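All values derive from a computational prediction rather than experimental measurement.
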Amino acid sequence: MTPQPPYQDLLTRLLPPVSYNQNGPRLQAELASEGAALDRAQNSARQLAGAVTPFQAEAMLPEWERVCGLTPPSDATYQQRRQAVLAKLAETGGLSIPYFTRLAAGMGSPTAPAKRICKKQSTIWLPARPAH
């Protein structure tokens, strides 16, 4: 993949050939400023696209740590920090009732005992209705 020219070059190429002096100092200053802003926006977009998963989070890794509730040790390497985030994301309690009860309680839902309904080979767990 060939590198993309800076946006200043691209903006210069978009100018009508006769209407503007492409080498004018004011126009070049304006194109340099707008081109730099577009370059920063594209770099930021690439960074955010990589941060969708922790595999390429780079500068966004602290956000992943915050979401996962992790506080890395001050001497942890980037690889160790990323591995801790991946381990936290992979952490599950299986399909057990206690896991989902704790999960619901952590989200502020009142916990109620569950009852088991068996139909043929499948099992369905439903929250028990509180007694009135």
ask   = Do Leu27 and Asn21 have side chains that get closer than 4.5 Å, going by heavy atoms?
value = no
note = OH of Tyr20 to CD of Gln28, rounded to nearest 0.5 Å, is 13.5 Å
task = Give, for atom CD of Gln22 and atom CZ of Arg13, the distance between the pair rounded to the nearest 0.5 Å.
result = 10.5 Å
key: Minimum-distance pair of heavy atoms, taken over all atoms of Leu89 and Cys68   = CD2-SG, 3.7 Å
ask   = If you take all heavy atoms of Leu11 and Gly35, which pair is closest and at what distance?
value = CD1-N, 3.8 Å
message = Using a 3.5 Å distance criterion without hydrogens, assess whether the side chain of Ser44 forms a donor-acceptor pair with backbone atoms of Arg40.
response = no
ask   = Quick one: do Leu70 and Leu61 end up in the same hydrophobic cluster if we chain Ile, Leu, Val, Met, Phe, Trp and Tyr together by side-chain heavy atoms under 4.5 Å apart?
value = yes
Rounded distance (nearest 0.5 Å) linking atom CZ of Arg66 with atom OG1 of Thr71 = 12.0 Å
Any donor-acceptor N or O pair under 3.5 Å, side chains Glu58, Tyr78 = no
message = Glu34: which residues meet the side-chain hydrogen bond (donor to acceptor under 3.5 Å, both in side chains) condition with it, sequence neighbours left out?
response = none
remark   = Taking every heavy atom of Pro62 against every heavy atom of Arg81, the minimum-distance pair comes out as CG-NH2, 3.7 Å
request  = Look only at the side chain of Asp39 and the backbone of Tyr7, and say whether a donor-acceptor pair between them is shorter than 3.5 Å.
outcome  = yes
inquiry  = Run the side-chain contact (heavy atoms from CB on, under 4.5 Å) test on Leu15 and Leu31 for me, step by step, so that the C-alpha distance in whole Å, both residues' side-chain angles and the decisive distance to 0.1 Å come before the verdict.
reply    = CA-CA 10 Å; Leu15 293 172; Leu31 293 174; 3.9 Å; yes
remark   = Smallest heavy-atom separation, Asp75 atom then Gln80 atom, equals O-OE1, 4.2 Å
query = Trp64 and Val52: which non-hydrogen atoms are nearest, and at how many Å?
reply = CZ2-O, 3.0 Å
query = In Å, rounded to the nearest 0.5 Å, how long is the span from CG of Leu10 to CG of Leu38?
reply = 9.0 Å
inquiry  = For the CD atom of Glu63 and the CG atom of Leu48, what is their distance to the nearest 0.5 Å?
reply    = 10.5 Å
request  = Provide the closest heavy-atom pair for Pro72 versus Glu65 in the form atom of the first, atom of the second, distance.
outcome  = CG-OE2, 3.5 Å
request  = For Arg82 and Phe55, indicate whether the former's side chain and the latter's backbone hold a donor-acceptor pair under 3.5 Å.
outcome  = yes
